[in-house]
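Step one of this worksheet: look at the structure below.
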Amino acid sequence: MTQRLPRGLFAAALATALWGCASPPPAAQRPSEASIAAHVAAATQAAGSDLGEVLTLCKPVPASRPVQGEDSDRGLRALIDRPAPPPGRAFDNLYFVGGDWASAWAVDTPEGIILIDALNNQAEAAALIEGGMRKLGLDPARIRYIVVTHGHGDHYGGAPYLARKYGARVVMSDTDWTMMETRLEFATPLWGAPPKRDITVKDGDKLTLGGTSLTLYMTPGHTWGTLSPVFDVSWQGRKHRVLLWGGTGFNFGADIPRMEAYGRSTQRMAQVARAEGIDVMLSNHSRVDGSQGKLARLRQAGGTGPNPFVVGEPTVERTLTVMNECSLAQRDRFALLP
């Protein structure tokens, strides 16, 4: 049975203010080679010397959506087969239990664990999520919820296995539940079938467990129903606010409305970041947020000293600026196609 969670009033008001239809750009900003260069220059300036991986979004992407087949499966298999990094504690209540390519994050609470994303398949879920939790002293039987950020198999693949084994509830947006039930954007036997519809959430809904609340923001772009959770973590007695961006890459071809939606999502979440003092930004792909290197530094420091995941509010906003400007550059490239 589909359940709906209470809607956040702040999120609803913010959505009303910021989610109007995009107005057409002024004449000086119409798509051109000059506008593309200007957006890339703005992204490059915002990226500085520390956000180079995010800046790769500005590289031209194919105008057609990738076609599933033997070639794409070989490439996906190569990504899945990369040696996994060790699991690690990012904050007192947040743990990385992912692979080299796709990430999974465990939010620990006194009443159980909220898992954010479930990797590619059952084998990865067993080896990396269950195995990683046990190495970190966490009991995977305490998983109560699995938040799937969007309906691609590198994030939902292990969810059916974990849900069956532990009775965990699977949480997604209605838009991506529907996409998975009707026409998957990407399908491959390397992922298997998606989970069955369970808990459906809307923009601004809160998922609360053991005193920890995740606010689930809709950030369409990577998919139309991508969710980006915002929540609190602690480190050495101090609270920090996290934004976990739910879907980063432009792998949907020359879909200009979707690219524009992506840009609006980054702009809106920049407003949320300022309003809520977000000073940590994570991804569900460790390449994007540099989580592997940050976890390595934490291990070397023995869990003491400054936390490298705390990048500060200005850097969170710079990251969202890079993503926005790159989406605008890609939009303009597509608009110039014959």
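Please read these numbers as outputs of a predicted model, since none were measured by experiment.
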Examine L244 and L298 and state if one hydrophobic cluster contains both, with Ile, Leu, Val, Met, Phe, Trp and Tyr joined whenever side-chain heavy atoms are less than 4.5 Å apart. yes
Evaluation steps, side chain to side chain donor-acceptor pair (under 3.5 Å), between T178 and R197: CA-CA 9 Å; T178 301; R197 183 184 286 256; 3.1 Å; yes
Check whether more than 12 heavy atoms from other residues, nucleotides or ligands sit under 6.0 Å from atom CZ of R238, and answer yes or no. no
Please tell me whether V97 and V148 are part of a single hydrophobic cluster in this structure, the criterion being side-chain heavy atoms less than 4.5 Å apart. yes
Is there a path of hydrophobic side-chain contacts, each under 4.5 Å between heavy atoms, that joins V107 and L295? yes
Strictly by ring pair (Phe, Tyr, Trp, His ring centres under 6.0 Å), give each pair with a member in residues 254-301 just once, sequence neighbours left out. W101-H285, H155-H285, F250-Y262
Taking the side chain from D205 and the backbone from K202, do they hold a donor-acceptor pair closer than 3.5 Å? yes
Is the closest basic N to carboxylate O distance between R274 and E317 below 4.0 Å? yes
Hey, can you tell me if F309 and F91 have their rings parallel, tilted or perpendicular (30° and 60° cut-offs)? tilted
May I ask you to decide if G225's main-chain N or O and T175's side chain share a donor-acceptor pair within less than 3.5 Å? no
Just by distance, do the side chain of E313 and the backbone of A273 share a donor-acceptor pair under 3.5 Å? no
Please check if L55 and L328 belong to a single hydrophobic cluster, counting links between Ile, Leu, Val, Met, Phe, Trp and Tyr side chain heavy atoms closer than 4.5 Å. no
Do the side chains of D289 and K294 get close enough for a salt bridge, i.e. N-O under 4.0 angstrom? no
State whether the side chain of S103 and the backbone N or O of S286 hold a donor-acceptor pair below 3.5 Å, judged by distance alone. yes
Qualifying ring pair (Phe, Tyr, Trp, His ring centres under 6.0 Å) pairs with a residue from residues 126-146, counting only residues at least two apart or across chains: none
Indicate yes or no for a side-chain donor-acceptor contact from R89 to the backbone of Y95 under 3.5 Å, with no hydrogens or angles considered. no
Please say whether more than 12 non-hydrogen atoms of neighbouring residues, nucleotides or ligands are located less than 6.0 Å from CD in Q236. yes
Just by distance, with hydrogens left out, do H240 and D279 show a side-chain donor and acceptor under 3.5 Å apart? yes
